[in-house]
Amino acid sequence: MAVKIKLKRLGKIRSPHYRIVVADSRTRRDGRAIEEIGLYHPVQNPSRIEVDSDRAQYWLGVGAQPTEPVLAILKLTGDWQKFKGEPAPAPLLVAETKAARPSFDALGGDDEGKGEAITQKKKAEKKDEAPAASSSSESTEA
């Protein structure tokens, strides 16, 4: 029985997220898995990648073959280099915490309404009527 480390797709149509699973190579993509060893959320910025390194090392050690997308993920996390005995890659980007937006009161806002909008509405420009009048006069002369 050939064992593969592959991605199991979950999520809605345009918001996919994946689980990194160890499964028999003959099972379908979202079929039954032997073990789940990680997560991959490509839509988040930066992408969320979590891999249980100990379990990944175990399955690679007993001969499980990663698919191409999983191999790329394992190279990013450094698990593939650790398995092959190569130097570790640079650390992954960590999501930065967003600064809280200042509240309306903190900006010195007041509750009084200003009334009407400040910007003026543009008036429709009239088209030049001179060329139209000259073309009508030409048609009457002919």
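Hydrogens, waters and symmetry mates are skipped; everything else that's a heavy atom, side chains included, is used.
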message: Hydrophobic clusters here meaning ILVMFWY residues chained together by side-chain heavy-atom distances under 4.5 Å, can you tell me if Ile49 and Val43 are in one?
response: no
Please tabulate, for side-chain N and O atoms in residues 7-23, each donor-acceptor pair with protein atoms closer than 3.5 Å (sequence neighbours left out).
unit_1, atom_1, unit_2, atom_2, d
Arg9, NH2, Ile13, O, 3.2
Arg19, NH1, Glu36, OE2, 3.4

- prompt: Any idea which heavy atoms bring Ser25 and Lys4 closest together, and the distance?
  reply: CB-CG, 3.7 Å
- prompt: Do Val3 and Val51 belong to the same hydrophobic cluster, where Ile, Leu, Val, Met, Phe, Trp and Tyr are linked whenever their side-chain heavy atoms lie under 4.5 Å apart, directly or via other members?
  reply: yes
Modelled atom types, side-chain donor and acceptor of Glu35 and Trp59, under 3.5 Å: yes
- request: Could you grab the distance from atom NZ of Lys75 to atom CD1 of Ile73, nearest 0.5 Å is fine?
  value: 12.5 Å
statement: Leu74 and Ala56 have their tightest heavy-atom pair at CD2-CB, 4.5 Å
query: At what distance, to the nearest 0.5 angstrom, does OG1 of Thr77 lie from CG of Asp52?
result: 11.0 Å
Shortest non-hydrogen contact between Asp24 and Lys6, atoms and distance: O-NZ, 3.7 Å
field: Test log, rule side chain to side chain contact (heavy atoms under 4.5 Å, CB included), inputs Lys82 and Ser53
entry: CA-CA 9 Å; Lys82 188 175 177 183; Ser53 183; 3.9 Å; yes
All salt bridge (Lys or Arg N to Asp or Glu O under 4.0 Å) counterparts of Arg48, not counting sequence neighbours: Glu50
message: Please find the pair of heavy atoms, one from Trp80 and one from Leu71, that lie closest to each other, and give the distance.
response: CD2-CD1, 3.4 Å
Ile37 side, atom CD1; Gln57 side, atom CD - distance, nearest 0.5 Å: 9.5 Å
Flag side-chain contact, heavy atom, 4.5 Å: Tyr58 against Val62: yes
